[in-house]
Amino acid sequence: MSGFTRLFGGGKKKAAAPPSPQDAIQRLRQTEEMLEKKTDFLVKKIEQELANAKKHGTKNKRAALMALKRKKRYDKQLQQIDGTLSTIEFQREALENANTNAEVLRNMGVAAKALKAAHQQLDVDDVHDLMDDIQEQNELADEISQALTQGVGAQADIDEVRLLMRYRTGTLSHVIITLWMLST
């Protein structure tokens, strides 16, 4: 009996995988192109039937009437195709927007994971320690800079010692002249 049901389509059918958004968008575009071609064809047919109705005009009323009926049928088909085109365009745009939103969401997920990985390598205490190290190095650099510029200051210390020696030896006039020279 199971072979009999399979023969006539009564067996279980596997669910087909849904098409990807890109495939669906491509199919909708192809359908749009097909319907636009059919629209162009119908517009030409309408123009042709209208020309036939005018051509037969009052001479052959039956032929003119038949041409107008065909034109009316073509107009109705054209309206249906226009409605279908509008629906397909709306569906394609909605699918494109959904696809864009999904891509944005995936990219945001990747960025969040990258940010999390970057923060896993950082620790607040490590950052504070690093900032303390930088501060210490800056202070050390300032001390070195001051030491280098004190070479000129060391010369001033030597001059002060000379002044003090001269003051003690009693040559005060030399002290006054030396102070005056240092101040200029």
### Message
Checking Arg62 now: which residues fulfil salt bridge (Lys or Arg N to Asp or Glu O under 4.0 Å) with it, not counting sequence neighbours?
### Response
none
### Query
Passes side chain to side chain contact (heavy atoms under 4.5 Å, CB included), Met131 versus Gln135? Steps please.
CA-CA 6 Å; Met131 295 306 292; Gln135 182 64 33; over 6 Å; no
### Message
Membership question, hydrophobic clusters at under 4.5 Å side-chain separation (ILVMFWY): are Leu68 and Leu78 in the same one?
### Response
no
### Message
Does anything in residues 36-50 form a side-chain hydrogen bond (donor to acceptor under 3.5 Å, both in side chains)? List the pairs, not counting sequence neighbours.
### Response
Glu49-Arg70
### Query
Looking at CD of Gln91 and CD1 of Ile25, how far apart are the two atoms once the value is rounded to the nearest 0.5 Å?
10.5 Å
### Query
Does one hydrophobic cluster hold both Ile134 and Val127, with members joined at side-chain heavy-atom distances below 4.5 Å?
yes
### Query
Atom CG of Leu42 and atom CD of Gln79: how far apart are they, to the nearest 0.5 Å?
11.5 Å
### Query
What residues, two or more places apart in sequence or in another chain, satisfy salt bridge (Lys or Arg N to Asp or Glu O under 4.0 Å) together with Asp75?
Lys71
### Task
Please identify each residue that fulfils salt bridge (Lys or Arg N to Asp or Glu O under 4.0 Å) with Arg27, with sequence neighbours left out.
none
### Query
Among the clusters formed by ILVMFWY side chains lying less than 4.5 Å apart, do Val43 and Leu35 turn up in the same one?
yes
### Message
If I take atom CD from residue Gln26 and atom OG1 from residue Thr31, how far apart are they, to the nearest 0.5 angstrom?
### Response
10.0 Å
### Query
In terms of hydrophobic clustering (I, L, V, M, F, W, Y; side-chain heavy atoms under 4.5 Å; direct or indirect links), are Ile81 and Leu28 co-clustered?
yes
### Query
Does Tyr74 belong to the same Ile/Leu/Val/Met/Phe/Trp/Tyr cluster as Met66, with side-chain heavy atoms less than 4.5 Å apart forming each link?
no
With a cut-off of 3.5 Å and sequence neighbours excluded, list every side-chain donor-acceptor pair involving residues 52-59.
none

### Query
In Å and rounded to the nearest 0.5 Å, what is the CD1 to CG distance from Ile46 to Leu50?
9.0 Å
### Task
Report the distance from atom CG of Asp82 to atom OG1 of Thr87, rounding to the nearest 0.5 Å.
10.5 Å
### Partner set under salt bridge (Lys or Arg N to Asp or Glu O under 4.0 Å) for Glu32, not counting sequence neighbours
Arg92
### Query
Is the closest side-chain heavy-atom distance between Asp126 and Leu130 below 4.5 Å?
no
### Non-hydrogen atoms of Leu95 and Ala24 that approach each other most closely
CD2-CB, 3.3 Å
